[in-house]
Amino acid sequence: MGGWRVAVLCLWVSCGSVAGQLEYSVSEETERGVAVGNVAQDLRLSAASLSLRNFRFLSSRGETYFGVDLASGSLVVREPADRERLCGAKAACVLIYELVLEDPLELHKVHVHVLDINDNSPHFPAGDVQFHIPEFLMPGARFTLPNAEDADEGSNGLLSYSLSPSRHFSLDMGSRVDGNEFPELVLEKALDREQRATHRLVLTARDGGLPARSGEVQVTIVVVDTNDNAPVFERSVYRTKVPETAPRGTVLFRVQASDPDEGSSGEIRYSLSNSTKAKLRHHFHVHPRNGEVRVAASLGPPETLLEAYIEARDEGAFSLASTAKLLVEVTDVNDHAPEVNLLTLSSPVSEDAATGTVIALLSVRDEDLGPNGKVACSVYSAGPFKLKASFGNYYSLLTDGPLDREQVSEYQVLITASDGGSPPLSTRRTLTVSVADVNDNTPSFPKSKQELFVAENNAPGASLGHVFAQDPDLGKNGLVFYELLDIISEGQAASRLVAVDSPSGAITAKISFDFEQLRGFHFQVEARDGGFPPRSSTVTVNLFVVDRNDNAPVILFPLSKNGSVPVEIVPRSARTGHLITKVVAEDADSGSNAWLSYSIFQASDSSLFRISANMGELRTARLVLPTDAVKQKVVVVVQDHGDPSLSTSVTLSMLLSSSAPQVLPDFEDGWETGGHLSAQNLYLTIALACISFLFLGCLLFFVCSKLSQSAGCCTQNCCRSPEELRYGSKVASNPCMSSAIIDVTTVERLSHTYLYWASLGLGYDNNSLLFHGEYSAADLRSLASGVGLNVPISCIQIRNRKGDHANVNAMVSIFYGI
């Protein structure tokens with residue numbers, strides 16, 4: 001902002017030193033870094049010589065607004081300068097600096113002229129201006145306005161004035177003796193405070209800068225009042241209605257008068273005018289300041305019109321006054337409630353009374369006047385009643401429909417008498433109307449049919465239940481008696497089976513019922529009330545006999561003949577799930593008592609058979625093994641689901657045979673178990689056998705080692721005891737022995753099965769044969785030759801235990817040399 005101008009360079013040479021003066025001009029508020037002039041060029045020096053000659057730039061005031069850039073030799077702005085702050089109201093603002101150079105020593109002065117810019121707006125030091133001008137002042141009056149100030153110089157500080165538009169005032173410039181001008185406010189039109197009490201104008205001062213700046217001040221003119229207006233009421237006539245019972249202090253009116261004058265000229269006092277009659281003055285009281293008119297005494301009887309006058313007067317030097325009329329109408333107050341008087345009442349009323357029957361007669365009255373004394377009556381009841389006006393203030397209460405004591409035996413009839421006041425007053429009176437009973441209801445059962453249940457085998461006289469009929473009538477009309485109607489049901493008279501108690505309706509059994517013979521029957525019971533004539537109704541009772549678990553299941557198949565059950569043939573080739581037979585049973589009971597389930601109670605071999613729990617089908621549970629006993633027995637238990645449950649059993653005999661036998665074996669000689677082991681026992685046996693084989697193998701190896709030193713070994717050492725073989729022990733042979741196991745099954749006749757289990761051990765000079773089952777000497781000899789052994793019969797050792805249900809063992813020891 002701003003530029004620089006170089007004026008005059010003057011040099012003086014004196015006493016070996018050089019002195020000169022440099023002058024520069026710069027506008028105020030110039031920004032930092034702006035070059036004002038080049039000192040080095042003006043001094044005809046190079047910029048580099050300034051540093052070599054120890055150049056110094058000194059200020060007499062110590063300010064740092066300007067400085068010299070040694071690199072370029074330019075005079076630059078260090079801080080923006082504010083002319084008004086530095087020089088105030090001076091016409092010229094000059095900052096003086098000194099330049100000092102050495103080798104040779106030179107001294108120069110630098111004058112920097114700070115030029116003014118229009119950076120200040122005009123302002124009024126006195127602030128807002130207020131004048132108090134009386135409204136009677138004539139036009140042409142003049143009032144001096146304050147001058148504005150502007151800190152700028154020249155045309156920037158030259159001011160002109162203007163005033164906001166107004167019909168009453170204008171602006172004019174006055175001159176003082178010294179020639180200075182000042183603004184003046186001139187009254188152009190007379191003022192009226194009642195029209196406008198305050199005038200607000202704006203005085204504007206504008207300078208001659210470019211662009212121009214301005215300042216404003218508010219001029220307030222307050223118009224001073226004079227008493228030139230009389231008070232004026234809002235209305236000329238005030239009218240109101242007041243109840244007769246209005247208490248003292250009741251506000252009737254609040255009159256309002258206005259006076260546009262100010263001060264005491266506008267202050268108003270209220271009072272009763274002299275035009276008010278003297279006899280009415282004591283009825284009212286007027287507040288002198290707020291204009292409230294209150295009741296001061298009783299206003300008299302209703303329907304009276306009172307007339308009074310009120311005056312409003314101001315307090316000016318020459319007071320002015322005006323009056324208004326007050327009209328007060330005294331009205332009646334609804335302060336009496338209607339009275340309801342009961343003249344006659346007929347209660348109770350028979351429930352068969354005809355519509356329109358008169359029940360009560362009433363009269364009503366009200367002491368108030370006009371609408372407040374007019375009474376209207378109404379009736380409210382949940383029953384069929386209505387109110388009918390008779391004549392004058394009399395009313396009749398009538399029935400408006402049929403009555404039913406069984407639904408409502410008593411009515412509360414509310415009579416309401418209301419007057420025509422506002423708000424209305426009312427009186428309520430409640431009449432109690434009772435309804436007398438007649439026998440108009442028949443005894444009724446909850447249902448037309450009723451069901452009873454009794455468990456069979458009950459004792460005679462046992463309670464079966466009861467019937468109940470309800471009659472809503474009163475007294476004898478509602479007293480119910482019960483009677484059994486003797487009808488034929490299921491071929492028998494009901495009176496032979498059950499009895500009904502007349503007062504209570506309790507039903508008892510005369511006999512003990514058997515579900516298997518009589519599962520149910522029905523009969524009828526009549527209910528009769530005690531009215532005249534009596535009324536009756538009937539109910540049908542269905543009695544169901546409930547089954548008890550008193551019959552055990554009966555086996556229908558297989559049937560026993562002469563105490564024995566036929567033998568079932570099961571082929572040995574039968575697979576798992578092979579149907580052997582089906583047990584069929586029935587139960588005479590019903591429901592869960594007849595639900596049957598089948599189970600195996602006992603079996604020769606429990607792992608061989610299974611039975612369907614619901615169907616009773618007996619099937620094989622696994623494959624038939626050669627080791628299974630020929631004769632098998634199974635005890636099947638048939639059980640119902642009663643509580644407690646009953647059961648029966650049947651013993652089934654099975655013959656494991658691939659062909660039909662000619663003669664059936666005898667199954668009466670006890671139970672014969674199979675020759676096999678269960679899976680769990682089999683695993684244990686195998687584990688024990690393995691451990692035994694290891695132990696016996698080591699022992700046998702040790703013995704054979706000792707005996708190998710002699711000519712031969714004792715044949716008895718190679719024999720195994722029958723006890724070891726009976727539990728499935730297999731002798732572990734030494735390295736010089738071999739063994740073989742042979743299973744042989746043969747059937748010579750239907751009643752016997754032969755099962756041989758041969759264990760053959762071959763050593764240096766002996767063999768051993770072990771046979772398990774029933775046998776004969778001829779059979780053993782044939783078996784020995786059949787396996788390729790020439791065994792002398794003398795070497796066969798036979799051990800047999802008859803009558804033992806365990807396995808039977810036989811051992812054959814064969815001795816021969818190598």
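If you're wondering where the values come from, they're calculated on a predicted model, not measured in any experiment. When a residue number appears, it is its place in the shown sequence, counting from 1.
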| message | Please check this pair: side chain of Asp640 against backbone of Ala594, looking for a donor-acceptor N/O pair closer than 3.5 Å. | response | no

| How far apart are the closest heavy atoms of Arg548 and Ala455, and which atoms are they? | NE-CB, 3.3 Å

| request: Go through the steps to decide whether Glu526 and Arg528 satisfy the test salt bridge (charged side-chain N to carboxylate O under 4.0 Å, His left out), and finish with yes or no. | output: CA-CA 7 Å; Glu526 182 185 58; Arg528 182 182 295 105; 2.4 Å; yes

| said: Test your reading of the model: is there a side-chain donor-acceptor pair from Thr399 to the backbone of Gly401, 3.5 Å cut-off? | reply: no

| note | Nearest heavy-atom approach of Glu456 to Val545 is CB-CG1, 3.8 Å

| How many angstroms lie between CG in Leu655 and CD1 in Ile569, if you round to the nearest 0.5 Å? | 4.5 Å

| message | Within this structure, what is the CG-CG distance for the pair Asn439 and Leu474, rounded to the nearest 0.5 Å? | response | 10.5 Å

| field | Donor-acceptor contact present, side-chain Asp486 to main-chain Ser495, <3.5 Å | value | yes

| query | Given Phe385 and Tyr411, is the ring pair (Phe, Tyr, Trp, His ring centres under 6.0 Å) satisfied, shown in steps? | reply | CA-CA 10 Å; Phe385 301 101; Tyr411 293 93; 5.3 Å; yes

| query | Any idea which heavy atoms bring Leu425 and Asn334 closest together, and the distance? | reply | CD1-O, 3.1 Å

| query | So, are Arg535 and Asp529 salt-bridged, with charged N and O less than 4.0 Å apart? | reply | no

| task | Evaluate the ring planes of Phe453 and Phe544, with Trp represented by its six-membered ring, and classify them as parallel (under 30°), tilted (30 to 60°) or perpendicular (over 60°). | result | parallel

| query | Does NZ in Lys241 sit with more than 12 non-hydrogen atoms of other residues, nucleotides or ligands closer than 6.0 Å? | reply | no

| message | Applying the side chain to side chain donor-acceptor pair (under 3.5 Å) criterion to Gln639, which one of Ser597, Ser645, Ser649, Ser599 satisfies it? | response | Ser645

| said: Using the rule side chain to side chain donor-acceptor pair (under 3.5 Å), only one of Asn593, Asp589, Asp587 pairs with Asn551; which is it? | reply: Asp589

| query | Do Leu652 and Pro558 come within less than 4.5 Å of each other through their side chains, counting heavy atoms only? | reply | yes

| query | Does the distance from a Lys or Arg side-chain N to an Asp or Glu carboxylate O, for Asp471 and Lys476, drop under 4.0 Å? | reply | no

| Between atom NE2 of His578 and atom CZ of Phe609, what is the distance when rounded to the nearest 0.5 Å? | 10.0 Å

| message | Check whether Ser396 reaches the backbone of Leu361 with its side chain - one donor and one acceptor, N or O, closer than 3.5 Å. | response | no

| query | Out of Asp501, Ile507, Val467, Val539, which one pairs with Tyr482 under the side-chain contact (heavy atoms from CB on, under 4.5 Å) rule? | reply | Val467

| note | Partner of Val583 under side-chain contact (heavy atoms from CB on, under 4.5 Å), picked from Val637, Val634, Ile555, Leu596, is Ile555

| remark: When every non-hydrogen atom of Ala585 is compared with those of Val638, the smallest separation belongs to CB-CG1, 3.8 Å

| task | Quick one: closest heavy-atom pair of Tyr395 and Asn393, and the distance? | result | CD1-O, 3.9 Å

| Going from CD on Glu406 to CG on Asp440, what distance comes out if it is rounded to the nearest 0.5 angstrom? | 4.5 Å

| message | Give me the atom names and distance for the closest heavy-atom approach of Thr427 to Ala337. | response | OG1-CB, 3.8 Å

| query | Hey, are the side chains of Asp335 and Asp368 touching, using non-hydrogen atoms and a 4.5 Å cut-off? | reply | yes

| said: Between Asp352 and Ser350, do the side chains contain a donor N or O and an acceptor N or O under 3.5 Å apart? | reply: yes

| task | Look at the side chain of Thr432 and the backbone N and O of Gln412, then say whether any donor-acceptor pair between them is shorter than 3.5 Å. | result | no

| query | What distance separates Asp419 CG from Asp366 CG, expressed to the nearest 0.5 Å? | reply | 5.0 Å

| said: Looking at Asp547 and Ser590, would you say the former's side chain and the latter's main chain have a donor-acceptor pair under 3.5 Å? | reply: yes

| Just by distance, with hydrogens left out, do Glu483 and Ser502 show a side-chain donor and acceptor under 3.5 Å apart? | no

| note | Here the gap from Asp628 atom CG to Ser607 atom OG, rounded to the nearest 0.5 Å, amounts to 7.5 Å

| Between Arg365 and Glu339, is there a salt bridge with N-O shorter than 4.0 Å? | yes

| query | Just by distance, do the side chain of Arg405 and the backbone of Pro472 share a donor-acceptor pair under 3.5 Å? | reply | yes

